[in-house]
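Here's the structure, in structure tokens; my notes come after.
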Amino acid sequence: MVDQKIAKATEERGVLILLKGNGKGKSSSAFGTMARSVGHGQRAAVIQFIKGRTETGEFKLFKDHPQIDWHVMGHGFTWETQDKSQDIAAAEKAWELAEKLLQDDTYDILIFDEMSYMFKYKYLELEPVIKALQNRPEKQNVMITGRVMPEGLEDIADTISSIRDERHAFRLGVKAQEGIEY
Ligand code: ATP
Ligand code: MG
């Protein structure tokens, strides 16, 4: 059954991949896939829509790579947000850049990390994002991470992986570790 379907899969085009769910492994999966693509000589860009607490290992490893452009947006944009108008401005600035990358066919793969929160908090409108994704260069791959994806994005995605939180060391009392959490 699977073999028959593989034989029938002859189309060659970029895919939109959504990595969602409450379990650990969304961003690391996206960056792992990016490493795979860059290893083949492809060109990549990352937009981090939410700036994490620490400089991550992947940022340190990839930021100076000649095939990777890494953008950390949402400076001062934290989980415990204080200033909503500042957050919205940061989200819009990040989207402005994302929209540009989605028109640039020299990028083979784009990672929009934690983008889903922009919709959850209504910092960004979904419609223009969907339009830009649909009109992107044919061979361009896009990966979007975040715990909850808006329905409209799921409707146009090619691959959706939902990572379930079955267990997490955090709840066993293990603190966030360098090299594992960031
Ligand atoms: P990772 O970056 O490790 O792939 P993620 O992108 O799936 O994780 P996020 O929702 O972005 O997860 O959360 C970021 C941070 O929270 C990471 O340090 C991650 O290890 C941690 N984390 C993820 N899921 C859980 C969970 N269910 N309980 C506690 N901490 C978690
Ligand atoms: Mg993440």
Side-chain angles (χ1 to χ4, degrees), residues 15-39 42 44-65 67-82 84 86-88 90-95 97-98 101-102 107 109-124 126 129 133 140-154 156-182:
V15 288
L16 172 61
I17 301 175
L18 307 182
L19 299 167
K20 65 172 195 174
N22 293 327
K24 171 178 163 50
K26 299 174 291 297
S27 298
S28 44
S29 165
F31 298 135
T33 305
M34 181 179 77
R36 178 177 278 174
S37 131
V38 166
Q42 298 182 5
V46 177
I47 299 180
Q48 284 188 286
F49 279 79
I50 295 178
K51 186 184 186 293
R53 274 167 297 183
T54 337
E55 276 199 354
T56 62
E58 56 270 29
F59 173 75
K60 289 188 191 175
L61 178 68
F62 290 135
K63 69 179 165 43
D64 298 322
H65 195 289
Q67 287 152 247
I68 301 174
D69 293 331
W70 194 300
H71 308 275
V72 183
M73 307 304 279
H75 282 278
F77 193 125
T78 63
W79 295 107
E80 303 83 26
T81 185
Q82 300 289 326
K84 201 170 169 185
Q86 194 186 306
D87 287 354
I88 291 172
E92 282 169 354
K93 204 171 152 224
W95 169 243
L97 173 65
L101 300 180
L102 285 166
Y107 289 101
I109 185 165
L110 304 177
I111 312 287
F112 297 156
D113 193 37
E114 316 285 16
M115 190 195 211
S116 68
Y117 299 98
M118 304 300 110
F119 309 117
K120 185 178 170 199
Y121 294 116
K122 304 206 181 335
Y123 290 168
L124 287 182
L126 187 57
V129 175
L133 284 165
Q140 191 177 68
N141 296 300
V142 180
M143 303 188 83
I144 301 177
T145 77
R147 293 196 177 193
V148 180
M149 292 293 162
E151 215 179 286
L153 269 192
E154 297 200 344
I156 63 161
D158 299 289
T159 297
I160 304 175
S161 292
S162 183
I163 299 178
R164 190 163 62 90
D165 179 19
E166 195 168 314
R167 184 177 301 167
H168 195 288
F170 184 66
R171 292 195 295 279
L172 301 177
V174 183
K175 71 173 199 181
Q177 290 184 73
E178 186 176 284
I180 298 294
E181 257 71 46
Y182 59 90

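Both ligands and their constituent atoms are indexed starting at 1 by order of listing. Note: hydrogens, waters and symmetry copies are ignored here, and every other heavy atom, side chains too, is used. Numbers for residues simply follow the sequence, beginning at 1.
Residue Thr145 does not touch ligand 1, judged by heavy-atom distances below 4.0 Å.
Not a single N or O atom of Tyr117, backbone or side chain, sits closer than 3.5 Å to an N or O atom of ligand 1. Checked by distance only, ligand 1 and Gly25 come closer than 3.5 Å through their nitrogen or oxygen atoms.
For atom 11 (O) of ligand 1, the nearest non-hydrogen atom from the set Glu114, Lys20, Glu181 comes from Glu114. Nearest to atom 13 (O) of ligand 1 by heavy atom, out of Lys24, Lys26, Arg147, is Arg147.
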What do the steps show when you test Phe112 against Trp95 for ring pair (Phe, Tyr, Trp, His ring centres under 6.0 Å), and what is the final call? CA-CA 10 Å; Phe112 297 156; Trp95 169 243; 7.1 Å; no
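For Phe170, the ring-ring contact (aromatic ring centres under 6.0 Å, His included) test picks out no residue, with sequence neighbours left out.
Checked for salt-bridge contact, Lys63 and Glu58 miss the test: no charged N lies under 4.0 Å from a carboxylate O.
If you put the vertex on the Mg ion (ligand 2), OE2 of Glu114 and OG of Ser27 sit 110° apart, to the nearest 10°.
For residues 168-182, the salt bridge (Lys or Arg N to Asp or Glu O under 4.0 Å) pairs, not counting sequence neighbours, are Asp165-Arg171.
For the side-chain contact (heavy atoms from CB on, under 4.5 Å) test with Arg147, the passing option among Lys120, Glu114, Lys26 is Lys26; the others fail.
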